[in-house]
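Single-structure report; data block below.
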Amino acid sequence: MPVTPIRTALIGLSVSAITSWAADAHLPAIQSPSGQALMQITARCNSSVAAAESAIRTYHLDPSTVKAHENPDDLAADPTVDLVICITRVDRHYETVLARLRAGKSAYIEWLITSTVAEVEELLTVARASGVTVAVGLQARFAPHPVLKVKDILQSGRSGGC
């Protein structure tokens with residue numbers, strides 16, 4: 001049975017970003033045939049509608065099906081979005097994801113989740129209350145030794161608790 005693609009918003013796919021992790025890694029994966037079978041980009045959120053529209057044009061997204069947003073609350077209220085992918089600078093993660101979680105939208109956030117433990121705890125509390133899923137991406141999955149060491153420490157209980 002075919003899977004209906006998840007209606008997805010991208011936060012942080014910028015034309016003017018210093019780094020292009022979103023454009024070089026996330027977007028090609030989403031636009032691949034297997035990515036398109038799983039996700040449909042329905043919205044963009046940038047620092048302004050003009051910046052979101054510029055990204056839509058630059059990355060050849062369909063302006064008739066991809067909405068441009070500048071405000072986290074507007075994106076949170078968008079009924080065409082079920083999942084948000086937050087690939088902004090770390091200091092913007094908390095403010096851009098919180099409203100979406102409150103609105104019942106699942107989120108994928110690049111690591112580091114936020115700048116403080118208190119913000120992480122609040123995001124998790126809101127996600128649990130809203131019944132949504134939050135996934136965290138780790139670019140370091142390509143460096144297995146440190147990741148496996150952290151896994152070992154966490155499983156052993158030597159971490160001091162999180």
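Owing to the predicted nature of the structure, the values given are computational and were not obtained by experimental measurement. Side chains included, hydrogens not; waters and symmetry mates left out as well; all remaining heavy atoms used.
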Between Val132 and Lys105, is the side chain to side chain contact (heavy atoms under 4.5 Å, CB included) condition met? List the steps. CA-CA 6 Å; Val132 297; Lys105 299 183 189 308; 5.7 Å; no
Please test Leu123 against Glu119 for side chain to side chain contact (heavy atoms under 4.5 Å, CB included), starting from the C-alpha separation and ending with a verdict. CA-CA 6 Å; Leu123 290 177; Glu119 289 175 349; 5.5 Å; no
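- Closest of all the heavy-atom pairs between Ser130 and Gly104 is CB-CA, 4.3 Å.
- There is a path of hydrophobic side-chain contacts, each under 4.5 Å, that joins Ile85 to Leu27.
- Of the inter-residue distances, the one linking Asp74 atom CG with Cys45 atom SG reads 8.0 Å to the nearest 0.5 angstrom.
- The CE atom of Met39 lies 5.5 Å from the OG1 atom of Thr8; values are rounded to the nearest 0.5 Å.
- Rounding to the nearest 0.5 Å places CD1 of Ile41 at 15.0 Å from NZ of Lys67.
- Distance check, rounded to the nearest 0.5 Å: NE2 of His69 to CG of Leu10 gives 12.0 Å.
- For Tyr59 and Gln31, the side-chain atoms include no donor-acceptor pair closer than 3.5 Å.
- At a threshold of 4.0 Å, the pair Arg128-Glu122 does not count as salt-bridged, since none of the basic side-chain nitrogens sits closer than that to a carboxylate oxygen.
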Candidate pair Glu110 and His26, rule side-chain hydrogen bond (donor to acceptor under 3.5 Å, both in side chains), full reasoning: CA-CA 10 Å; Glu110 274 296 343; His26 289 279; 2.6 Å; yes
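- Smallest separation of non-hydrogen atoms from Leu98 and Val126: CD1-CG2, 3.8 Å.
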